[in-house]
Amino acid sequence: MIDIKLIRENPDFVQRSLEKRNDTFAVGEILELDVSYRKSLQRQEQFRAQHKKMSKQMSNPSERSPELTLEMRRLGNEISALQEETSKTRSDLEASLLTLPNIPHESVPLGNDASDNTVVRTWGEPKTFPFEPLPHWELGEKLNIIDFQRGVKLSGSRFYVLKGWGAHLQRSLISFMLDTHVRDHGYREIYPPFMVKRECLVGSGNLPKFGDNLYHDKEEDYWFIPTAEVPLTNFHRDEILDAEDLPLSYVAYSTCFRREKMTAGKDTRGIKRGHQFDKVELYKFTRPENSDEDLEKLTADAEDICQRLGLTYRVVQLCTGDLGFASRKTYDIELWAPGCNEWLEVSSCSNCGDFQARRANVRYRPEPGARTQFVHTLNGSGVALPRLLIAILENYQQANGTVLIPEALAPYMELRQG
RNA sequence: GGAGGGAUCGCAUAGUGGUCUAGUGCGGCCGCCUGCUAAGCGGUUACCCCGAGAAAUUGGGGUCGAGGGUUCGAAUCCCUCUCCCUCCGCCA
């Protein structure tokens, strides 16, 4: 959420910044709501103060009178009418504020869409093969480790089953990534709930605008997380963190659930885009002055996974038009997949500034006795699984149709299975 | 799912309709005293919103798990919900 005070004091800046996202937003409307909210709030508080004084008089039996009682009743009615008006305006204002995306960081390059993103760096070279490399869906079926038909039988389109060595590989990757981030990058491991309350999705920025991409149990009002970023953002909701604990770095494995109904027909081949996938997520709560630097660190931590696995990747900086709703600055990490011949997004590392912290009300106290302030939050996959699996299968395939195990995974793959 | 008990300013607790501007103890912080430490003494100790001010500050309002109701007036009475505890049922 954008600070209403910033909008109030600098509406042109906010308007101009949001326009960089190549979309339009009702900043003027919000300003009007803000004015009328504060006007009716002030009137209400004035009446309340008066009412309070009279009430004090009433507490003394000798000052009680039928006239005073009557007057207070009248005032009381007036206050509740005003109260209704005030809270209506306030919730309208809040609802509007919740639909505004974050303000892009001034360093983010201008652009309309993904085609304006810029490659920041590339690690490794796209691998060349003395034979025609197969796409993972063919490798998966040949090796009998990915079962598309049974996935559809069990759950419908965009579901698949990993079998034997394939399932084992995924499980090993999860352990490898968690171990690496905990042992070598200083993150604390979290196992979060995969179903959360509505307000968690509001805190992370998925609601109210993007509900159509989420699975929801209406009976119990549980929401299935589209990423572990959601429970992690809300882990410290309504808390005031100790300044000396910052930055707090968390790593969480979770399954993720997404409807993906807008892209029916696209990316249907293979395991690139499903309704359910696994992911290891990195998350940081930082002091505002450190968040830019911490984004570089977090991105490097995700990149390190790709490097240890010997996979070619590139880091792409998103332009203003392609930035996610909650993000002010984002780097995507894309792995090269020689079989399907494309760069696969396996991580999106974002600095959300105080946007999510404001929504989830996560604060800290910079100095003892100082006013509380919102922290900055960062997130990024470290990294997403099906696509990592794709990259390993396609990069490590051999002429005879087998797939080698990356050296870093060897300790995790000692169990032999078909 | 059933029955009962509970939720108060970091922690513990008091408060059963107006004097609550929520008391007290502990802990924390500041100061005094003091060879040192402990003790003692004094002060201080939440969060949010609106207004004034360049600022330090300052005026007002709100918050006793959440929301509604009764009343001139609610921490206190009534209703609904959430969470926690005990027991029963059911399970991994």
Side-chain angles (χ1 to χ4, degrees), chain A residues 1-11 30-98 191-203 216-223 231 234-246 248 255 285 354-375:
Chain A
M1 194 154 70
I2 300 177
D3 188 0
I4 181 65
K5 283 175 195 151
L6 179 66
I7 300 176
R8 196 184 290 156
E9 281 156 23
N10 221 329
I30 286 173
L31 278 173
E32 280 172 35
L33 277 171
D34 178 50
V35 168
S36 64
Y37 163 65
R38 282 184 297 151
K39 209 178 274 176
S40 68
L41 179 70
Q42 277 167 31
R43 238 158 37 104
Q44 191 203 125
E45 287 185 349
Q46 207 176 316
F47 280 133
R48 243 188 235 280
Q50 204 177 334
H51 194 260
K52 233 172 149 178
K53 264 181 208 144
M54 290 176 165
S55 188
K56 193 141 285 178
Q57 269 182 52
M58 277 297 247
S59 68
N60 182 349
S62 66
E63 291 195 56
R64 268 175 221 162
S65 73
E67 292 76 28
L68 189 56
T69 305
L70 227 68
E71 174 60 13
M72 283 194 70
R73 187 180 293 159
R74 198 191 58 75
L75 245 186
N77 289 338
E78 202 136 356
I79 289 169
S80 43
L82 268 169
Q83 157 120 37
E84 205 167 311
E85 183 192 317
T86 309
S87 60
K88 167 90 173 68
T89 314
R90 194 199 157 79
S91 61
D92 287 352
L93 175 63
E94 229 147 64
S96 295
L97 281 173
L98 286 175
Y191 174 81
F194 296 176
M195 295 187 285
V196 296
K197 299 188 215 176
R198 158 177 238 107
E199 57 251 53
C200 292
L201 278 312
V202 175
H216 176 212
D217 168 35
K218 289 196 172 65
E219 209 169 317
E220 306 284 347
D221 200 25
Y222 285 136
W223 295 73
N234 289 272
F235 191 63
H236 291 297
R237 177 149 47 88
D238 295 322
E239 290 182 24
I240 298 171
L241 305 174
D242 283 337
E244 57 269 28
D245 291 342
L246 299 178
L248 285 166
T255 303
F285 296 88
D354 66 3
F355 187 83
Q356 290 180 325
R358 200 176 285 283
R359 286 174 164 244
N361 193 27
V362 185
R363 293 167 292 167
Y364 80 110
R365 202 178 297 284
E367 305 292 335
R371 274 185 63 80
T372 59
Q373 211 177 318
F374 291 105
V375 298

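Chain identifiers are assigned alphabetically (A, B, ...) following the order of the sequence lines, protein sequences preceding nucleic acid strands; residue numbering begins at 1 within each chain.
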* Short question: side chain of A:R363, backbone of A:I240 - any donor-acceptor pair under 3.5 Å? -> no
* Asked: How far does the P atom of B:rC81 sit from the matching atom of B:rG23, given to the nearest Å?
  -> 34 Å
* **Between C1' of B:rA46 and CG of A:N361, the distance in whole Å** => 14 Å
* Between A:E78 (CD) and B:rG61 (C1'), how many Å, whole number? -> 17 Å
* Given the P atoms of B:rA3 and B:rU70, what is the spacing between them in whole Å? -> 28 Å
* **Spacing between A:D238 atom CG and B:rU82 atom C1', to the nearest angstrom** => 14 Å
* Could you say whether A:R38 or A:G76 is positioned toward the 5' end of RNA chain B, judged by the nucleotide with the nearest heavy atom to each? => A:R38
* **Nearest-nucleotide 5' precedence on RNA chain B, A:L68 against A:R48** => A:R48
* Asked: In whole Å, what is the span from the CZ atom of A:F47 to the P atom of B:rC72?
  -> 19 Å
* Full working for side chain to side chain contact (heavy atoms under 4.5 Å, CB included) between A:V375 and A:L248 -> CA-CA 10 Å; A:V375 298; A:L248 285 166; over 6 Å; no
* So, is A:T372 close to the B:rA46 phosphate, meaning a side-chain N or O under 4.0 Å from OP1 or OP2? -> no
* If we call it a pair only when both distances are under 3.5 Å in a Watson-Crick or G-U wobble match, what pairs with B:rA52? -> B:rU57
* Asked: For A:Q83 and B:rC50, what is the distance between atoms CD and P respectively, to the nearest whole Å?
  -> 16 Å
* What is the distance, rounded to the nearest whole Å, between atom NZ of A:K5 and atom C1' of B:rG51? -> 12 Å
* What distance, rounded to whole Å, do you find between the two C1' atoms, one in B:rG4 and one in B:rG43? -> 46 Å
* Strand partner of B:rG40, provided both Watson-Crick or wobble distances fall under 3.5 Å -> B:rC32
* Rounded to whole angstrom, note down the P distance from B:rG67 over to B:rU24. => 28 Å
* Structure fact -> Among the nucleotides B:rG62, B:rG60, B:rG51, whichever has the atom closest to the side chain of A:Q42 is B:rG51
* Across the strands shown, which category fits A:R198 at heavy-atom distances under 4.0 angstrom: base, sugar-phosphate, nothing? -> nothing
* Using a 4.0 Å heavy-atom cut-off across all strands, classify A:R43 as base, sugar-phosphate, or nothing. => nothing
* To do: Please state whether the rings of A:F285 and A:H236 are parallel, tilted or perpendicular, taking 30° and 60° as the class boundaries.
  => perpendicular
* For A:A357 and A:F374, which heavy atoms make the closest approach, and how far apart are they? -> O-CD2, 3.5 Å
* Ion pair check, A:E84 and A:K88, cut-off under 4.0 Å -> no
* **side-chain contact (heavy atoms from CB on, under 4.5 Å) partner of A:L41, chosen from A:L82, A:T86, A:T89** => A:T86
* Structure fact -> Answer for the Watson-Crick or wobble partner of B:rC87, both distances under 3.5 Å, is B:rG2
* **Minimum-distance nucleotide to A:R371 side chain [options: B:rU21, B:rA46, B:rC48]** => B:rC48
* To do: Return the nearest nucleotide to the side chain of A:E45; candidates are B:rA46, B:rC48, B:rC50.
  => B:rC50
* Structure fact -> Scanning all shown strands, the Watson-Crick or wobble mate of B:rU71 with both distances under 3.5 Å is none
* To do: Would you give the length of the straight line joining atom CE of A:M195 to atom CD of A:E220, rounded to the nearest 0.5 angstrom?
  => 9.0 Å
* Is A:E45 paired with A:R48 through a side-chain N to carboxylate O contact shorter than 4.0 Å? -> no
* To do: Pick base, sugar-phosphate or nothing for A:R363, based on heavy-atom distances below 4.0 Å to the nucleic acid.
  => sugar-phosphate
* Rounded to whole angstrom, note down the C1' distance from B:rA38 over to B:rG53. => 46 Å
* When the C1' atoms of B:rG17 and B:rU13 are considered, how many whole Å apart are they? -> 22 Å
* Asked: At under 4.0 Å between heavy atoms, what does A:K39 touch on the DNA or RNA strands: base, sugar-phosphate, or nothing?
  -> nothing
* To do: Name the closest nucleotide to the A:I240 side chain, picking from B:rC47, B:rG73, B:rG18.
  => B:rC47
* To do: Go ahead and name the base partner of B:rU24; Watson-Crick or wobble counts if both distances stay under 3.5 Å, otherwise write none.
  => B:rA12
* **Selection from B:rC47, B:rC72, B:rC50 that lies nearest to any side-chain heavy atom of A:M72** => B:rC72
* Quantified in whole Å, what is the P atom distance between nucleotide B:rC72 and nucleotide B:rA55? -> 44 Å
* A:K56 NZ - B:rG73 C1' separation (whole Å) -> 12 Å
* **Value in whole Å for how far the C1' atom of B:rG73 lies from CG of A:N60** => 14 Å
* Please determine, for B:rU63, whether a Watson-Crick or G-U wobble partner exists with both distances under 3.5 Å, and give it or none. => B:rA46
* **Phosphate-side-chain proximity, A:K52 and B:rG61, N/O vs OP1/OP2 below 4.0 Å** => yes
* Nearest of B:rC49, B:rC47, B:rG60 to any side-chain atom of A:R365? -> B:rC47
* B:rC64 to B:rC47 separation - C1' atoms, rounded to the nearest Å -> 13 Å
